[in-house]
Amino acid sequence: MKALFNHANQASGQQHHALAGAIVGYALNIENLEALIPAIERMAQKHVGYHVLPEHYPYVAKALLGAIAEVMGEAVNDEVLAAWGEAYWFLAGLLQEREHGIREAIEAVDGGWNGWRAFEIAERTVESAVITSFVLRPKDGGKVLPHKPGQYLTLRLTTPDQGEIRRNYTISNAPNETAYRISVKREEGGQGGSRFLHDVARVGTTIQLTPPSGDFFLPQAQERPVVLLSGGVGLTPMVSMLETIADKHPELETAFVHGALDGASHAMDGHVRALAKAHGKTSVATFYAQPAANDEAGRTHDHDGLITVDWLKANTPFETADFFLCGPRPFLKAFVGGLSRAGVASERIHFEFFGPADEALAV
């Protein structure tokens, strides 16, 4: 089962917390399954990305029920373990049904596929000192499935030091039928995915992909104003959304608000500002948390310091907008909770995780 999980999340412990949290959440809502629908959708999308199949579920059941018995000890008798088994297979049935539906919908679209497909790196562009973009085209020369702006790809990489690993990277370009672009931050302490792409992969390198996945995306019929709020490499889905807005939504009021460490790490600023200018209804604001000596507010960026909810209230369509958020966990924790406390309804707050959803962010 190891290959079906993100190895970086396993090493960091996030996968352990996410699984334990999911088990507790399921138990607490066993009589209120409607509350679990968003979590089920998120898991189903992840499973499709990692190419989890029905034949994998019995192995998970054996491992999971064995772990429950081991951890809980005498608190788990045969009756309790049987009840957990029944609960597991009920949830597994829901997930398998949804995963089958997702795969059918993908394969029904021209350019869609099931499982792994060979792509190659067609272009490689350095965006900042830490972020590089990679354009991926199918080796078979066929079309690709147009993604929903905000969705991610699952990559299967063969690295020289770790062998086969799997990683999720958000698509950073607008939907099209020819290629995907991912923009990846090199993580010095990472488990090898970003370092392989930055240090080893070149134009022509082959990479295996499953189709675009994810339940975080800009709706096709977006009507309310939009605030695209990001931190660090979390700008990748926002660039995809902004490219789409500039092309498909000429009258949509949009604010692109981004926080970076400094000018050296800030990526795609020129591209974002060109899109905003072409669109005409988009404002751009950038914040540097630790400006370098050659960074100057008003020239290289707009503001020193961190983005705040108060600034958003004063400078964006705060009372009416949909907020789309992506960034590191502390960034999400600050703004999901901060926006909620400032009166933004939950249905107007949309966010994407870099890793498993193992925390309640709205507190």
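In this chain, residues are counted from 1 in sequence order.
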- CD (E107) with more than 12 external heavy atoms under 6.0 Å: yes
- Task: Please check if atom CD in E223 has more than 12 non-hydrogen atoms from other residues, nucleotides or ligands closer than 6.0 Å.
- Result: no
Does the [X] side chain pair with the main chain of [Y], one donor and one acceptor, at a distance under 3.5 Å?
| X | Y | answer |
| --- | --- | --- |
| Q151 | G214 | yes |
| H350 | L218 | no |
| H198 | V184 | yes |
| S240 | N173 | yes |
| Y26 | A87 | yes |
| Y180 | S172 | no |

- Partner residues of W89 under the ring pair (Phe, Tyr, Trp, His ring centres under 6.0 Å) criterion, sequence neighbours left out: none
- Item | Those residues that, when tested against Y57, pass ring pair (Phe, Tyr, Trp, His ring centres under 6.0 Å) (two or more places apart) | none
Search all heavy atoms of [X] against all heavy atoms of [Y] and return the closest pair with its distance.
| X | Y | result |
| --- | --- | --- |
| S265 | I131 | O-CD1, 4.2 Å |
| W116 | L155 | CZ3-C, 4.1 Å |
| A334 | R341 | O-NH2, 4.4 Å |
| L229 | F331 | CG-CZ, 3.8 Å |
| A255 | T316 | CB-CG2, 4.1 Å |
| P219 | F324 | CD-CZ, 3.9 Å |

Say whether [X] and [Y] are linked into one hydrophobic cluster, either directly or through other cluster members, by side-chain heavy-atom distances under 4.5 angstrom.
| X | Y | result |
| --- | --- | --- |
| I182 | V48 | yes |
| V272 | V227 | no |
| L235 | I245 | yes |
| V52 | L19 | yes |
| V284 | V257 | no |

Evaluate the side-chain proximity of [Y] to [X]: yes if any heavy-atom separation is below 4.5 Å, no if none is.
| X | Y | result |
| --- | --- | --- |
| R202 | I121 | no |
| H301 | F287 | no |
| L145 | P212 | yes |

Do you see a donor-acceptor pair shorter than 3.5 Å between the side chains of [X] and [Y]?
| X | Y | answer |
| --- | --- | --- |
| E104 | H100 | yes |
| T154 | N168 | yes |
| N176 | T178 | yes |
| T244 | D247 | no |

- Students should find that the hydrophobic cluster of L53, defined by side-chain heavy atoms under 4.5 Å apart, otherwise consists of none
- Query: Is L28 isolated, or which residues cluster with it under the ILVMFWY side-chain rule of less than 4.5 Å, directly or via members?
  - Reply: V24
- So salt bridge (Lys or Arg N to Asp or Glu O under 4.0 Å) across residues 267-292, not counting sequence neighbours, yields D269-R273, R273-D302
- Taking only residues two or more places apart in sequence or in another chain, which ones pass salt bridge (charged side-chain N to carboxylate O under 4.0 Å, His left out) with R156? none
- E243: partners by salt bridge (charged side-chain N to carboxylate O under 4.0 Å, His left out), with sequence neighbours left out: R181
- Query: Yes or no on side chain to side chain contact (heavy atoms under 4.5 Å, CB included) for R186 and R195, after CA distance, side-chain angles and deciding distance?
  - Reply: CA-CA 6 Å; R186 190 185 190 282; R195 287 186 284 115; 3.7 Å; yes
What donor-acceptor contacts under 3.5 angstrom involve side-chain atoms of residues 133-143, with partners at least two apart or in another chain?
unit_1, atom_1, unit_2, atom_2, d
S133, OG, E127, OE2, 2.7
S133, OG, S183, OG, 2.6
K139, NZ, T206, OG1, 2.9
D140, OD1, R117, NH2, 2.9
D140, OD1, G142, N, 2.8
D140, OD2, R117, NE, 3.1
D140, OD2, R117, NH2, 3.3
K143, NZ, D110, OD2, 3.0

Quick one: [atom1] on [X] to [atom2] on [Y], what's the gap to the nearest 0.5 Å?
| X | Y | atom1 | atom2 | answer |
| --- | --- | --- | --- | --- |
| Q208 | L157 | CD | CG | 10.0 Å |
| S128 | D262 | OG | CG | 9.0 Å |
| I207 | T158 | CD1 | OG1 | 9.5 Å |
| L325 | L332 | CG | CG | 6.5 Å |
| T210 | L153 | OG1 | CG | 7.0 Å |
| E41 | R98 | CD | CZ | 4.0 Å |

Distance-only criterion, 3.5 Å: show the donor-acceptor pairs between side-chain atoms of residues 69-86 and protein atoms not counting sequence neighbours.
unit_1, atom_1, unit_2, atom_2, d
N77, OD1, E79, N, 3.1
N77, OD1, V80, N, 2.8

- Task: Find out whether the Lys NZ or Arg CZ of K46 is both under 6.0 angstrom from the six-membered ring centre of Y152 and within 45° of the ring's axis.
- Result: yes
- Go through the steps for R167 and Y169 under the test side chain to side chain contact (heavy atoms under 4.5 Å, CB included), then give the verdict. CA-CA 7 Å; R167 292 291 185 273; Y169 294 109; 3.5 Å; yes
- In chain order, what residues pass the side chain to side chain contact (heavy atoms under 4.5 Å, CB included) check against A278, with sequence neighbours excluded? none
- Task: Mind checking side chain to side chain contact (heavy atoms under 4.5 Å, CB included) for R299 and listing every partner two or more places apart, or none if nothing turns up?
- Result: E296
- Query: Centroid-to-centroid, F323 to F335, below 6.0 Å?
  - Reply: no
- Quick one: do L91 and I40 satisfy side chain to side chain contact (heavy atoms under 4.5 Å, CB included)? Show the steps, please. CA-CA 9 Å; L91 180 59; I40 290 172; 4.0 Å; yes
- Task: Any pair with a residue in residues 210-265 that passes ring pair (Phe, Tyr, Trp, His ring centres under 6.0 Å), sequence neighbours left out, goes on the list, sorted by first then second residue, please.
- Result: H258-H266
- Item | ring pair (Phe, Tyr, Trp, His ring centres under 6.0 Å) assessment of W113 paired with F119 | CA-CA 13 Å; W113 74 96; F119 281 66; 5.6 Å; yes
- Between L339 and L312, is a side chain to side chain contact (heavy atoms under 4.5 Å, CB included) present by the stated rule, with each step listed? CA-CA 9 Å; L339 291 171; L312 294 171; 4.3 Å; yes
- Can a salt bridge be assigned to the pair D322 and R224 using a cut-off of 4.0 Å between side-chain N and carboxylate O? yes
